[in-house]
Structure formats: structure tokens, C-alpha cells
Protein chains: 2
Amino acid sequence: MKSIDFHTGSTAEAMDFTSYEIKFKALADNIRLQIMYELNQKPSICVCDLTTLVNLPQSKLSYHLKILLDAELIEKEKIGTWNYYRLNKKEVKNILSEELCCIFYPSS
Amino acid sequence: MKSIDFHTGSTAEAMDFTSYEIKFKALADNIRLQIMYELNQKPSICVCDLTTLVNLPQSKLSYHLKILLDAELIEKEKIGTWNYYRLNKKEVKNILSEELCCIFYPSS
DNA sequence: CTTTTATATCAATTTTTTTTGATATATAAA
DNA sequence: TTTATATATCAAAAAAAATTGATATAAAAG
């Protein structure tokens, strides 16, 4: 993050919002919001179940899960052959309003 | 919004998160986060001043302002030849966490 | 009027993201 | 082992978004 120019009140150079950009990009897609919503219904869901829940071909779902994972909005746990995904509650809470958390994140 | 299938707990068909998608898309860009940040520093800013604040060619700035405007994250007011933009506080508060509002939206 | 200033829009191009189908990998089951 | 299942990754194609420079519009100034 660049130093702030107190004379003009503006930043001397652009500030870096990259980490927010990545998270908002991850949320900026209907399919991925769908996935977040489904993950909000249960503690965790394996990929095989998600494919039917969101009705997507496996490679496509995998692609979108990776984007959410890279943005740290969800987490992955491998159990045997299955990969279980769940919301990263902390991160979601950090950026979304409480109101939105009711949709994409459990209230408690 | 589709009816919910209570048997499986899943939605019969995809739910529609389009309005959220549009807002997150608008936030999913470093330049536009920059603009939001600058708009957070003052009650409102005219385009001519924004061009120097975010250091962008006029047509490019105009393009990004339109995306934020269409997402209803900012508002426009025309005064003479000048167009003044300001944050849409209500909408920003509706979707972003209080913590983020400190960056992109005034605390009060 | 004519000119200047502030801003939006448009069309062409470039860049980024998404989709698709194929293939790779790893675990489990037979 | 061999085979089946779950999932990730890759490369090519398609689609969407961003950039650029030119032009349009509208208000203000001269």
C-alpha cells in the first residue's frame, strides 16, 4: 500500500486492493454464488453431490470451485477419494454484510 | 426465485442471484475499487477531478463509472457542465461488511 | 453564433474469463 | 493386478470484459 499524500488528500499512487479484487471476482458469477448458497445449507458437501445440486458437468464445477478456493472463500478437505468443500466462514464474514451472510453464510 | 424442494433441501432449479452478481462484478476490478475508495474520501467528486485522482484517461474512467452506476453502487448528479458522483451509501452498506465499509464507505 | 470545456458513447482491438471435452491421477474395489 | 470411481488439470474454442482513440453532445464562455 502506497503512502498517502496528506497535502492533496489523495494517494500518491494507486492503492492495492488486489486481495479484495480476487474475492469480489470470485463472487462475481451466478454459478459461484449458487455454489456458495448450496455450501451454506450444509456443513460440507463433496464434489460428487455438488455436481447434482448445482447441475454442472464435473470439470466445470471443478473450475469454479478452484476460483472460490483461491479466493479463500471456501475450504477443501480430502477424505478417501472424496473432496469435501465448505465455506470459509471467517473470510465470508469479513467482507459480506450480515444481511448477505443470511443468504451465503449461516447467521450463527 | 424458484420454489424450494423441501424433500432434498436443494433448489429444484437454480436460484437467481443476478442482482448480486452485477454488484460483485462491479466491485471485481482494482480500478473500480480505487474509484470507490476515492469517492469515500469526499461527499462527491466531479469526473474531471476523478480523472487526476485515479489517473485514468477520460473515456476509460467514464466506462468504469458507468459499470458502478449500473450496479447502483454510486449515484450521479449533473450540475451545469459537471457530473458529480458519490457513493450510494445504502447499497454499499447492504452488501459489504462494516469492516470493508471503513475502506469503501464512511463509518458514520 | 463560434469556441471551449466536460463528459458520454461507439467501434475496433486486446485481454481475460468461461466452457468444453479429453486426459491424468489417486484411491478403492473386485 | 485390473477396473471403476472421484476429482483435477489441460488445451482449444467461445464468450465476455476492458482498452483505446475517435466522435458526439451539451452547457458555458467569449
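Fair warning: this is a prediction, and the values are worked out from it, not measured in the lab. A, B, ... follow the sequence lines: proteins, then strands. Residue 1 opens every chain.
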Would you indicate, yes or no, if dA27(D) has its OP1 or OP2 atom less than 4.0 angstrom from a side-chain nitrogen or oxygen of Thr81(B)?
-> no

Once you round it to whole Å, what is the distance between P of dA18(D) and CG of Leu56(B)?
-> 13 Å

Rounded to the nearest angstrom, tell me the gap between atom CG in Leu50(A) and atom C1' in dT5(D).
-> 17 Å

Write down the distance between CD (Glu21(B)) and C1' (dA16(D)), rounded to a whole number of angstrom.
-> 11 Å

Does any N or O in the side chain of Arg32(A) come within less than 3.5 Å of the main-chain N or O of His64(A), such that one atom is a donor and the other an acceptor?
-> no

Per the atom types in the model, does the base of dA6(C) pair as donor or acceptor with the side chain of Gln58(B) at under 3.5 Å?
-> no

Approximate separation, where rounding is to 0.5 Å, of Leu96(A) CG and Leu96(B) CG | 7.5 Å

Within the structure, does a side-chain N or O atom of Lys60(B) lie under 4.0 Å from either OP1 or OP2 of dA18(D)?
-> no

Report which part of the nucleic acid Tyr85(B) touches: base, sugar-phosphate, or nothing (heavy-atom distance under 4.0 Å, all strands).
-> sugar-phosphate

Taking only the side-chain heavy atoms of Lys66(A) (C-beta and beyond), determine which of dT7(C), dA6(D), dT9(D) contains the nearest atom.
-> dT9(D)

How would you label the contact of Leu65(A) with the nucleic acid (heavy atoms, under 4.0 Å): base, sugar-phosphate, or nothing?
-> nothing

Think Lys25(A) has a side-chain N or O under 4.0 angstrom from the OP1 or OP2 of dT17(C)?
-> yes

Quickly work out the Trp82(B) CH2 to dA6(C) C1' distance and round it to whole Å.
-> 8 Å

For Ile31(B) against Leu56(B), the heavy-atom pair lying closest together = CG2-CD1, 3.5 Å

Atom CD1 of Ile79(A) to atom P of dA28(C): distance rounded to whole Å?
-> 11 Å

Gap between atoms CD1 and P, on Ile31(A) and dA16(D) respectively (whole Å) | 12 Å

Base-pairing mate for dA30(C) - Watson-Crick or G-U, with both contacts under 3.5 Å | dT1(D)

Per side-chain contact (heavy atoms from CB on, under 4.5 Å), Tyr20(A) is matched among Asn30(B), Leu27(B), Leu33(B) by Leu33(B)

Please work out if Leu61(A) contacts a base, only the sugar-phosphate, or nothing of the nucleic acid, heavy-atom cut-off 4.0 Å.
-> nothing

Whole-Å distance, Ile67(B) CD1 to dT9(C) P, equals 12 Å

Among all residues two or more places apart in sequence or in another chain, which pass the side-chain contact (heavy atoms from CB on, under 4.5 Å) test with Ser59(B)?
-> none

Check the distance between dT25(D)'s P and Lys78(B)'s NZ and give it to me in whole angstrom.
-> 13 Å

State whether His64(A) places a side-chain N or O below 4.0 Å from either non-bridging phosphate oxygen (OP1 or OP2) of dT17(C).
-> no

